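Here is the structure we will look at.
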Amino acid sequence: MSIKLINRDNIKEIEYSENTKIEDILKQEQIPIESVVVKQDGETVSEKEFVKDGSEIEIIKVIYGG
């Protein structure tokens, strides 16, 4: 099973096993869950959602400031 992971200008194909959650992919790629919003196939999803085979996962960094 594979997905396309888009993290800013970095795009790569990732292989994963069945029943993998978004949070598992983020941990594998060393992306802090607290600092990003994730879209799967264009829809915002929770890190608890399961990854869908062939989907496109986009990582959007949240900017903090004041």
Side-chain angles (χ1 to χ4, degrees):
M1 302 176 92
S2 70
I3 59 162
K4 182 188 290 186
L5 181 69
I6 303 169
N7 189 0
R8 298 179 85 184
D9 294 333
N10 185 14
I11 300 172
K12 65 178 170 178
E13 294 286 326
I14 294 182
E15 298 291 325
Y16 68 96
S17 58
E18 196 171 352
N19 296 324
T20 297
K21 293 183 179 182
I22 298 288
E23 67 183 339
D24 299 325
I25 299 291
L26 294 176
K27 286 177 187 174
Q28 174 185 320
E29 295 298 311
Q30 298 179 350
I31 299 169
I33 293 172
E34 309 80 31
S35 65
V36 297
V37 172
V38 180
K39 286 189 172 186
Q40 183 168 231
D41 296 326
E43 292 187 31
T44 303
V45 292
S46 161
E47 68 272 3
K48 301 295 183 189
E49 295 283 328
F50 287 100
V51 176
K52 299 175 189 169
D53 188 34
S55 67
E56 189 174 280
I57 306 290
E58 183 178 0
I59 308 299
I60 302 166
K61 293 199 182 235
V62 177
I63 298 173
Y64 297 94

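Values in this document were obtained by computation on a predicted structure and should not be read as measured data.
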| task | Indicate, with yes or no, if Val45 and Ile6 share a hydrophobic cluster defined by side-chain heavy-atom contacts under 4.5 Å among Ile, Leu, Val, Met, Phe, Trp and Tyr. | result | no

| message | Just verifying a value: how many Å separate Ile22 CD1 and Lys48 NZ, rounded to the nearest 0.5 Å? | response | 12.0 Å

| task | Would you check if Tyr16 and Val51 make a side-chain contact, meaning some heavy-atom pair closer than 4.5 Å? | result | yes

| query | Are Met1 and Thr20 close enough that some pair of their side-chain heavy atoms sits under 4.5 Å apart? | reply | no

| field | Any donor-acceptor N/O pair, Asp53 side chain to Ser2 backbone, under 3.5 Å | value | yes

| field | Atom pair OG/CD of Ser46 and Gln40 - distance to nearest 0.5 Å | value | 11.0 Å

| message | Counting C-beta onward and ignoring hydrogens, is there a side-chain heavy-atom pair between Glu49 and Glu43 closer than 4.5 Å? | response | no

| request: Calculate, to the nearest 0.5 Å, the distance between atoms OG and CD1 belonging to Ser55 and Ile3 respectively. | output: 5.5 Å

| query | Quick one: does Leu26's side chain get under 4.5 Å of Ile59's, heavy atoms only? | reply | yes

| note | Separation between CD (Glu29) and CG (Asp24), nearest 0.5 Å, reads 12.0 Å

| task | Give a yes or no on whether the backbone of Ile33 and the side-chain of Glu47 come within a donor-acceptor separation of less than 3.5 Å. | result | no

| request: In sequence, state the C-alpha distance, the side-chain angles, and the governing distance for Lys12 and Asn7, and then conclude on side chain to side chain contact (heavy atoms under 4.5 Å, CB included). | output: CA-CA 9 Å; Lys12 65 178 170 178; Asn7 189 0; over 6 Å; no

| Does atom CD of Glu18 have more than 12 heavy-atom neighbours, drawn from other residues, nucleotides or ligands, at distances under 6.0 Å? | no

| Could you state the interatomic distance from CG (Leu5) to CD1 (Ile25), rounded to the nearest 0.5 Å? | 7.5 Å

